[in-house]
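The block underneath contains the structure these notes are about, expressed in structure tokens.
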Amino acid sequence: MMAVFMLERWARDFRMTSILTYTFKNLPSTSKWALRFSVRPLSCSSQLRAAPAAQTKSKKTLAKPHVRNVVVVDGVRIPFLLSGTSYKDLMPHDLARAALSGLLHRTSVPKDVVDYIIFGTVIQEVKTSNVAREAALGAGFSDKTPAHTVTMACISANQAMTTGVGLIASGQYDVVVAGGVELMSDVPIRHSRKMRKMMLDLNKAKTLGQRLSLISKFRLNFLSPELPAVAEFSTNETMGHSADRLAAAFAISRPEQDEYALRSHSLAKKAQDEGLLSDVIPFKVPGKDTVTKDNGIRPSSLEQMAKLKPAFIKPYGTVTAANSSFLTDGASAVLIMAEEKALAMGYKPKAYLRDFVYVSQDPKDQLLLGPAYATPKILEKAGLTMNDVDAFEFHEAFSGQILANFKAMDSDWFAQNYMGRKVKVGLPPLEKFNTWGGSLSLGHPFGATGCRLVMAAANRLRKEGGQYALVAACAAGGQGHAMIVEAYPK
Amino acid sequence: MVASRAIGSLSRFTGSRTLRCPGYICRTFTGSSALLTRTHVNYGVKGDVAVVRINSPNSKVNTLNKELQSEFTEVMNEIWASDQIRSAILISSKPGCFIAGADINMLAACKTHQELMQISQEGQRLFEKLEKSTKPIVAAISGSCLGGGLESVVFIFTGPGLKPPEERTIEYLEEVAVTFAKGLADKKISPKRDKGLVEKLTSYAMGIPFVRQQIYKKVEEKVRKQTKGLYPAPLKIIDVVKTGIEQGSDAGYLAESQKFGELAMTKESKALIGLYHGQVLCKKNKFGAPQKEVKHLAILGAGLMGAGIAQVSVDKGLKTILKDATLAGLGRGQQQVFKGLNDKVKKKALTSFERDSIFSNLTGQLDYQGFEKADMVIEAVFEDLSLKHRVLKEVEAVIPDHCVFASNTSALPINEIAAVSKRPEKVIGMHYFSPVDKMQLLEIITTEKTSKDTTASAVAVGLKQGKVIIVVKDGPGFYTTRCLAPMMSEVIRILQEGVDPKKLDSLTTSFGFPVGATTLVDEVGVDVAKHVAEDLGKAFGERFEGGSLELLRQMVSKGFLGRKSGKGFYIYQEGMKSKNLNSDMDSILASLKIPPKPDVSSDEDIQYRLVTRFVNEAVMCLQEGVLATAAEGDIGAVFGLGFPPCLGGPFRFVDLYGAQKIVDRLRKYEAAYGKQFTPCQLLVDHANSPNKKFYYQ
């Protein structure tokens, strides 16, 4: 999900790129990338200055002839909590139920109007593999409303929403609830494969002799459990490790990463204090107090953050606990409708959901570069330029990952050599970027983040008076997603 | 006894699907002429199996009455006489009910215990015949089967099919039973069941006289402890079983019918039958269907009561908003509802999924969002008139025109609450009892302005919540609180007179109250008791005097609020079953001590001082028209206040005990204490003309 992989050949550059002051003359010829990026150290302040002063809208609306307009009426999420805190005794569908009930309460939509329900999730609870259905039933939805669950790593909720958009745009349905859920406090831990095999064989054994012979094969190591790893299946590398390698490849320094993480936490804290995170709903946890706020927002200081040891690549890595997103429990849901249906029901929608793209790259080397790939594509598709976008909402897996994407987006070389584009798409101006915090600070329940991004985009547009927002995210498997959210005229 | 005898002899069968022969469809009915002639019992013949269907007309359940018994005997005789029939099955045509038990009306109609004995013996004879039947008889039972109904209950419930599930379930049950009966007749299936090891051991142990004696003793002890000797039936049942085992079945049957006859004629039997009828009455909406069914309920205040009301509403599928002023208060209330449901999960009465689904009917919030859709708002905020006024005004600004405003108050007059309402016809009182999910009673209070439709709506909601409902007129303390207050006043006086709180508790429980009088004060809450005593004292003056209010005031000032504060007359500790007296009460009691009056301070006098004040006030409520019927008065007293069920309620008690005797007692206490014991006019009237009764059935 958050992992980044670099080309093996870059590994050699690792030492060099991470220390910019080193002489370049010894660099092997294959390190062109690293050179280019390393000579352009990125800092937040330089970004601010670089922001264009005036906006020129190239388009009034993104409505298309003969295609139904799809709107998001509203969306909610339960507070995102560090895993192992207040939600730890619940099951994923409990969180999803709370989000669904909260959405019903927020929108007052009659349950029987909802045509279809889609939820995204990543680490599946084996008892509720179609968590969308269990949550919908438990939340008191009609048993006549079908529901399915999608999974696409960190963009699972995005997939849930765009599936809904597709169903509505094609005229199949009018009202779809999309959401996502993740409970990292409890993950399925399995018996070892050997143990599972023995147990299944025992089930089938008919005679005592057969059973005894099976049992005699038992060895103590059968009992060692199999943990789900937050690692790429195809490469077996944990995310943090690959994120660290990515940061190194793009020459993102530790201070830069810490600075970006601090920015995320500070902005999230400010947004929380100012009551801007209006999609958060209180959740009364059975047996515990009512949870009202995200609990992962912890603005610290650069000095404090600098003290942390690298979490993955020890001791020279740059990715630490402070500049990575943390394991999070949470759930979110949005109400999506055909525009005419929403208006007929008397709703004032928050935003249009416009064009979207999914991209995918080499899961080994370009794992977390989804936003860099998706951004130019979606702008092109929508006929917009960077300047047209008033709000950017990017998923922050790691500080290093966001900054690496920035560098990729700002590089003609990268555009030409890896994306087959003539010119770079350019940098998103930081004052428009994740201004209410991001996954680093608010938390990142894998399956639920997508809806948070869209609601943050929609709410920011409403609050700040902008028209277009660009949502983008990376995902494990080397995939990525971007979507244009257009403010609904007030 | 009869039933248990029948178990072994009637062929058992289980509803296991493996027994069903899928290809078996045999619907050749012969002897269908029998179908037309009888009203309760009919039979048809499928192949060589007689299918006896029990179906009492115009009733939801089958009850063992004279007609059913005689028709059943006729039918069985025909079956035994027929050469064509080799086996029979008994089945009910009522969904979910085989035979509920004896018909209470039939028992009540009997004048003497001989008559009752005869009924019992007829039943015994019939069962004996079934027992000795040469043709196998299979009872196919799905659903409730109590009393004289046959044991061996089989649960079959078919899901969706091509017919309504109830209908198909009965049909399927019949198919299985017919196959089984055929198997029995053809000796393909054995009616004998292998005894398990435990069963064998038990029967061996029961063969030893000493073991048996010990068991009788133990059982009797337990029953005595539970009934406090107030309910005669359980002890007699032990007697009968004992007779049957020790002296043989004939003596057992005889003893059974004799004791049955005796028991059915006791006062306790009459009292309990009366309560049954009263309860049936209070489970009906005599105000008719409301114009608009309540689908969206909103409750204000997530305290003990508010959350309790929410719990009994959401589990009946009512969409309920629970609103409180603070997040902490709301969270506490939500947790109470969740815990109530979760306890049911622990008892396996619900699945965790059902719990969650039910819980989703509850919306907790701090604002008035969604009140525009509410059909009824029940306020359960703190008992303070100005607060209730504020809440009423706030709510009326957001609710639709048809929405009913109900106040859950135990003592504040509804018309005073309604005084600030723009639409007093929509204001009503709904007095729930704590804990709401356990206490069955709901007291609905109407003012002169309350419309009939509003009342109908409140009753409908109450019935949906599973409540037994009495509808009373508005007034200080309504009915229940008003009856309780003078008794509480007497409790305090008795304690002031130096009676030990524990002793007072045991005196009241041995009279039949489920909770001792001192404990009751702690349970109700000392502050609440004080509040009510002050209010009603003002309204009714001298008649409500007795104990000194100072006692309650001092307790409140010391924080002894009863169970909720951990200390009252007793000390309450989490996880402690036995409770100790609060020794800090000694000084308070000592400072307020008054000398007891020896003439009226015997144990019995203490019991009657409490009960007669209660009864006198209840009768006065009927006299003043607060109560519409005596039956509601009895139901309210028993289900809401724990008046001894074996006495049937205050009015039944007057009828059975004798109005004159009660008036005599009141006069005696009046002489000692004055006006608090002056019998009310209606009670005096009843005493003066012995033919006058509250009940004539």
Side-chain angles (χ1 to χ4, degrees), chain A residues 74 76 78-79 86 89-112 114 117 125 127-128 130-131 133-145 147 177 278 280-293 331 333 345-346, chain B residues 159-160 295-296 298 302 307 310-311 313-346 350-374 398 400:
Chain A
D74 210 339
V76 298
I78 55 171
S86 292
D89 296 328
L90 300 177
M91 285 177 67
H93 75 280
D94 292 321
L95 305 191
R97 276 194 302 123
L100 281 172
S101 317
L103 184 68
L104 288 176
H105 182 57
R106 172 73 63 90
T107 60
S108 304
V109 67
K111 284 173 186 164
D112 47 3
V114 177
I117 298 167
E125 162 62 51
K127 286 182 183 168
T128 57
N130 186 1
V131 69
R133 177 63 170 165
E134 310 310 340
L137 286 172
F141 274 88
S142 160
D143 56 8
K144 303 276 187 286
T145 306
V177 168
S278 59
V280 178
I281 51 163
F283 175 23
K284 169 70 185 74
V285 181
K288 298 207 172 82
D289 286 342
T290 305
V291 179
T292 55
K293 291 198 284 193
M345 289 183 72
Chain B
K295 287 189 176 147
H296 292 91
Q311 190 192 328
S313 306
V314 290
D315 69 2
K316 311 300 183 313
L318 265 176
K319 305 286 317 158
T320 306
I321 292 172
L322 185 61
K323 181 198 172 304
D324 201 278
T326 66
L327 201 61
L330 177 65
R332 198 218 61 80
Q334 287 172 304
Q335 183 59 29
Q336 183 188 328
V337 178
F338 182 83
K339 186 176 179 298
L341 296 172
N342 199 37
D343 287 348
K344 287 190 181 171
V345 174
K346 284 183 187 154
L350 283 180
T351 66
S352 60
F353 192 85
E354 284 165 335
R355 171 200 66 201
D356 295 344
S357 180
I358 290 169
F359 196 62
S360 76
N361 287 325
L362 186 73
T363 308
Q365 59 189 54
L366 302 176
D367 54 16
Y368 284 109
Q369 193 200 337
F371 275 59
E372 71 282 355
K373 275 198 281 184
V398 288

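Everything numeric in this text was worked out from a predicted model, so none of it was measured. Letters A, B, ... are given to chains in the order of the sequence lines, protein chains preceding strands, and every chain is numbered from 1.
- Counting only distance, with no hydrogens or angles, the side chain of Q369(B) and the backbone of H105(A) share a donor-acceptor pair below 3.5 Å.
- Residues G138(A) and S360(B) come closest through the heavy atom pair O-CB, 3.3 Å.
- Contacts of K373(B) with chain A are made by side-chain atoms alone, with heavy-atom separations under 4.5 Å and no backbone atom involved.
- L137(A) and S357(B) make their closest contact through O-OG, 3.8 Å (heavy atoms, listed as atom of the first residue, atom of the second, distance).
- For the atom pair CE of M91(A) and OG of S352(B), the computed distance is 8.0 Å after rounding to the nearest 0.5 Å.
- Heavy-atom pairs under 4.5 Å with chain B peak, among A98(A), P286(A), G140(A), A139(A), at P286(A).
- The structure places CD of Q335(B) at 9.5 Å from CG of D289(A), a figure rounded to the nearest 0.5 Å.
- Neither the backbone nor the side chain of E354(B) comes within contact range of chain A; no heavy atoms are under 4.5 Å apart.
- Taking 4.5 Å as the limit, every side-chain heavy atom of T290(A) sits out of range of all side-chain heavy atoms of L330(B).
- When each of G102(A), S101(A), G287(A), P282(A) is checked for heavy-atom pairs under 4.5 Å with chain B, G287(A) comes out on top.
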